[in-house]
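These notes are about the structure you will find just below.
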Amino acid sequence: MWLASKIKQVLMVMKPGVVTLKYPFEPRPAPENFRGAPHWDHTKCIGCAGCAEHCPARTIMVRDLCQEIRVLLYDGSRCTYCGRCAEVCPEKAIVMTPRFEQATDDRNDITENLELFMLTCQRCGRCYDMETTSAIDKLGLTGYRYDSLEARTVIRKATDSFRPKELEATERYERPGKTGD
Amino acid sequence: MLAKIAKKCFPRSLWVYHCNSGACNGCDIEILNILTPYYDVERFGIKLVGSPRHADVMLLSGAVTRPTLPLVKRAFAAMPGPKLVFGIGSCAVGGGCWFDTYNVTGGGATAVPVNYYVPGCPPRPEAIIYGVALALGLVDKKAAPVELKQVEFPIDVYERNKAWEERNVIYEVLNK
Amino acid sequence: MDAIARIETGLKGRFGADIKGLSSPSPARLFVDVDRRALRASSKMLIELGGRYMVGIGYDEIARNGTLGLIHTFAFDADHVAVVLRTSAPASDPTFDSITPDIPNAGWSEREYQDLLGMKFTGHPKPKRLILADDWPDGIYPLRKEVPYNLEPPAAEDVAYRLDEAPPGTTIVPVGPFHVSLHEPEHFAVYVDGETIKGCDYRGFMTHRGIEKLCQTQVSYNEVPFVAERICGICGSVHAVCYAQAVETAAGIPISRRAEYIRTIMLEIERLHSHLLWLGIAGHLIGFDTVFMQAWRVREKVMWLAERITGNRKTYGMVVIGGVRRDITPEIRAEIEGLLATLEKEVMVLKNAVIGDSAIHRRTKGVGFLSKEDTIRWSLVGPVARARGLRLDARKDHPYAAYGDMTFDVPVVDSCDVWGTLVVRVLEIFESIAILRQALAGMPADGPILTAIPEALPPLRHAVSMVEAPRGESVHYVITGEENRPERWRVRAPTYPNLQAVPAMLLDNQFADFPIILGQIDPCFSCTDRVAVVDAGTGAKRVLGRAELEGMSRKPEGGGSRS
Amino acid sequence: MSIVAIFVNVLLFLLLAPLFEGVMRRITARVQSRQGPPIVQPYYDLFKLLGKERINSAGNWAFKLAPLAALASILAVVSLVPFGSRVNALGGRVDAITVVYLLTLGGVSVLLGALASRNTFAAIGASREMVTMVMVEPVLAMTLILGAVRTHSLGLGPAVFSTAGAGFSLSTGVMLVAYLLALQAFVAKQPFDIPEAEIEILEGPFIEYSGPDYGMFRIYMMMKQMFYAWLFVAVFIPIGRTGLYPLNILLQLLGTLVVFVVIALVGSTNPRLRIDQAVKIYAVLILIALGAVGLAVAGV
């Protein structure tokens with residue numbers, strides 16, 4: 001009886017045969033609405049920082065360098081790929097690409113650095129939570145959002161409440177190389 | 001001569017030691033998943049072992065919480081010779097949603113030197129296999145930093161030295 | 001209504017003066033505000049009236065009225081009612097008399113708020129540290145409002161966790177933080193005499209990540225479901241649904257019938273993959289790797305389906321407050337039906353192979369025995385309770401989402417051991433398939449899947465909600481707050497009560513069975529991160545230092561272990 | 001010529017033991033419907049282990065000596081054994097009892113290593129290994145004694161090839177059954193791989209060993225497996241009796257391969273037993289073996 005059940009088991013498991021996928025040598029693409037790495041389309045982004053407000057992992061940081069330039073840094077190391085930013089963006093500038101092969105040996109490979117030109121804001125009212133205040137009103141040089149890109153943390157404080165020492169730490173901002181094409 | 005053979009055989013037989021330092025066990029299930037029939041990393045010679053003494057690769061999953069920080073360091077120290085550390089999942093790569101709460105010390109890098117990061121929450125088994133293949137040198141890296149500018153700004157705003165501030169009067173107005 | 005009336009008259013009769021308020025916002029809920037003097041007596045009475053203790057919640061109201069609030073929740077499963085007992089104490093002297101002597105399951109809640117809120121419980125049998133790390137300085141209570149969420153205090157001097165004294169004649173086997181069978185950092189000091197287990201002490205909390213504090217200070221309402229999903233990697237959407245339901249009942253937001261159906265479908269898909277996962281892990285724990293491989297091969301199709309529906313294999317991200325984010329389109333519906341057909345055949349093959357195998361009988365029958373009375377006393381939930389003759393299922397006792405109009409039966413076995421839990425879980429897979437078919441058929445064809453949330457949710461509303469996770473009943477308690485953020489959010493996972501009973505199940509079993517006995521409750525420590533201690537009976541006092549905790553890993557070069 | 005046979009024995013066993021282990025891992029993988037490692041994977045594992053750093057965590061001489069003693073004992077057994085049914089120079093001078101003694105020495109050195117590493121899991125592994133050795137070695141000893149009784153000589157050649165020498169009989173049949181059932185325990189594979197239970201006590205006795213030490217224990221385990229599988233073929237199945245020495249070796253290796261396939265199939269379809277359940281089964285095995293020897297003494 002014991003032997004019979006064993007032989008039956010062996011035959012039973014042999015039926016499906018070898019099912020191993022030859023993955024790294026044959027591609028296994030993710031389904032089309034897969035929530036992979038988010039990508040910012042800098043031509044559509046209006047710099048309203050709605051995504052930075054709504055990211056559960058607080059990996060999207062916004063900093064105003066001066067009256068005209070707002071820098072948006074997405075640090076992929078803590079991103080949990082929940083797709084909340086893509087859902088909240090009023091301009092649908094963020095797309096959850098089906099890219100999942102993000103393995104790397106240096107954490108800077110999974111970051112996105114966007115420089116947005118804020119001078120041409122026409123107060124069109126499309127940006128995030130327009131009814132309370134517009135992004136440009138908050139934008140005063142002191143900047144309503146001054147997250148530390150170096151320490152990669154969202155600080156949610158305006159610049160004027162910073163001590164000078166903290167400001168120096170953020171001086172070493174290097175501009176991204178290529179122009180948005 | 002033996003050392004040369006051993007070095008050549010090292011990537012072909014990686015014994016993996018799984019260290020969960022505070023993960024939600026989503027990544028642990030994916031780590032076990034790559035041993036199951038559909039993905040089966042044993043074809044690369046990877047085996048899950050129970051003791052750090054026999055291990056070559058430490059699979060770190062989970063944001064290193066305060067109590068596990070010394071334990072992860074000890075487990076890493078207990079591993080012999082040529083060893084690698086893989087950080088699997090957003091918690092190990094950067095600390096996850098709770099990277100800065102009172103009981104979490106941040107990602108895997110705060111405890112041990114991490115060689116390869118596999119982001120994802122949880123990363124697909126294919127993504128983990130891709131990370132392993134990257135370490136074995138079978139594939140090359142696809143991730144690259146993205147840096148974009150909306151416009152090439154005419155004046156260079158970034159010359160933040162004394163001269164620039166005098167020239168630009170708006171700073172006096174605001175710095176009172 | 002008669003149940004609520006019966007409880008009200010009972011409580012008023014005994015504690016007329018001390019009861020400050022009775023309110024019943026819905027036919028299935030009763031909120032009782034009682035003075036802290038009568039807390040223990042009223043809790044004892046609720047248990048005698050047939051209640052089952054669920055969870056305790058502590059919250060900090062110092063800013064508002066200078067008090068620390070304490071809530072105990074009880075479930076009356078037969079009458080489909082949940083009773084919430086609320087009391088508070090001035091912040092100057094936050095002492096309550098402990099209810100653990102009558103209700104052993106409350107031991108953990110009270111110790112948790114001793115750690116996190118600084119409350120004191122007189123008469124608690126084991127007031128040891130529970131949640132915070134060993135080197136967390138005393139006096140700092142993280143859940144208090146004035147303590148920032150990202151505080152990292154310097155380590156107190158190397159204070160080692162005092163494990164219980166070992167019974168005489170037993171050696172300590174440290175099933176250490178990184179044990180192959182545990183998959184999660186928990187430490188069991190198992191007291192072994194030869195091969196039989198005499199007792200066990202457990203120091204957990206290595207996966208405590210301060211989620212509740214995070215979601216009270218940093219994360220807003222609609223992001224909390226995405227953090228809730230990552231509390232546990234296997235029953236993620238259970239926590240998200242439970243949280244969303246709690247907020248919706250608290251704020252009174254109605255959600256569309258179609259969204260409820262989609263939530264039910266996602267919960268059942270999660271139960272399918274969770275039970276198949278456990279079947280594989282159980283096979284792995286008794287050394288039968290072929291069952292592990294075959295069960296997970298069958299499970300893989302469910303994961304691929306979930307990936308196509310929701311965009312991620314495990315953290316579905318479907319649930320937000322007010323409904324669901326993605327819809328079940330007709331072609332996905334066809335795919336689900338196709339999967340259910342193949343799954344039924346494959347799981348039938350697995351069932352015959354596993355249940356018919358005498359070798360598995362030998363390793364699971366009579367192992368990890370816990371009598372029905374102990375199960376009631378420890379108020380265990382889920383398949384562990386259903387394998388011991390208790391018909392407990394939140395889907396039937398406290399119906400939520402679309403379970404009201406699903407017809408399914410709850411498999412109950414009374415063999416009181418690991419074998420019972422295995423049979424119950426396999427039968428539940430077939431029940432889930434049946435529920436999924438009914439849900440797909442009964443889903444309203446159209447209708448919105450997400451209702452807009454009003455401007456701001458009304459603050460200071462209390463609500464408790466229960467969801468049947470694959471491991472048992474998961475309870476969430478929410479108090480709504482201002483600035484678009486919950487004031488207090490309490491999570492109790494099913495492993496929380498079950499883990500307390502593990503040491504009782506371990507007594508007088510073989511050490512080789514330790515993994516499978518622990519495995520039968522399908523522990524999800526990241527859900528629970530709680531501590532259980534067994535009274536290991538008599539025994540000389542022997543204090544063990546931190547080194548014993550890391551028995552697994554030692555310093556090289558003559559480090560030498562101290563066994 | 002018989003001096004060369006010693007080297008042939010040692011070389012063949014050293015080279016082919018990992019190959020058979022690779023075959024077994026491949027079959028276990030196929031039963032679990034997955035592709036499984038390449039056949040030469042154990043070679044990679046061994047060479048990698050030899051290249052790793054050695055952590056001497058217990059620091060005493062017994063801890064360092066144990067792997068050497070284990071490897072030495074199994075190499076001694078392998079060099080004595082009449083492989084390819086030709087008694088070599090060393091084989092002539094020893095008898096069956098020496099082989100049993102050397103095999104037990106291997107088990108004892110594993111115990112020595114486990115207890116020297118002062119680790120709680122190793123201590124439990126050592127106690128289980130002791131129980132297995134005490135209960136299972138007698139069955140091996142009785143197989144050889146049966147051969148000696150039937151061929152009236154304790155010499156290694158006649159004791160091992162007793163069926164070929166004195167023909168098949170009822171006692172050999174009963175002994176065949178006992179040996180087959182005990183094979184899984186000899187080889188320490190799935191239903192009986194309790195001392196090295198990977199799940200509960202993390203590779204049991206070998207938990208503290210790393211790098212070359214653990215490599216030596218692995219090769220020791222592999223060669224022990226191959227020896228027991230070969231012994232089954234040599235004692236009970238009269239193939240490899242032709243005059244040609246290389247042909248004998250080839251036939252016996254094929255027989256060993258078949259035995260390995262059977263071990264792998266049985267191993268992958270059974271959960272691990274607990275030590276107390278296993279002890280009950282071992283007791284039954286010893287009784288069957290004693291019965292067989294009794295029959296042999298009665299001349300049946």
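In what follows, every chain begins at residue 1, and chains take the letters A, B, ... in the order their sequences are listed.
Taking CD of D:Q41 as the reference point, atom CZ of B:F44 lies at 11.5 Å (rounded to 0.5 Å). Here CZ of B:R53 is found 9.0 Å from CD1 of D:I207. Values are rounded to the nearest 0.5 Å. Annotation: the span from D:Q35 atom CD to B:Y38 atom OH amounts to 14.5 Å, rounded to 0.5 Å.
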Candidate pair D:R34 and B:T36, rule side chain to side chain contact (heavy atoms under 4.5 Å, CB included), full reasoning: CA-CA 7 Å; D:R34 53 190 174 89; B:T36 53; over 6 Å; no

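The ring pair (Phe, Tyr, Trp, His ring centres under 6.0 Å) check on B:Y39 picks up nothing, with sequence neighbours excluded.
At a threshold of 4.0 Å, the pair D:R25-B:E42 counts as salt-bridged, since one of the basic side-chain nitrogens sits closer than that to a carboxylate oxygen.
At a threshold of 4.5 Å between non-hydrogen side-chain atoms, the residues B:P82 and D:K52 count as touching.
Residues of residues 96-104 of chain B never come closer than 4.5 Å to chain D when only heavy atoms are counted. Listed in order of number, the residues of residues 44-51 of chain D that approach chain B to under 4.5 Å between heavy atoms are D:Y44, D:D45, D:F47, D:K48, D:L49, D:L50, D:G51.
Between the side chain of B:H54 and the main chain of D:F206, a donor-acceptor pair closer than 3.5 Å is present.
Screening residues 103-151 of chain B for ring-ring contact (aromatic ring centres under 6.0 Å, His included) gives B:F86-B:Y116 as the qualifying pairs, with residues at least two apart or on separate chains.
Between D:S33 and B:P37, the closest heavy-atom pair is O-CB, 3.3 Å.
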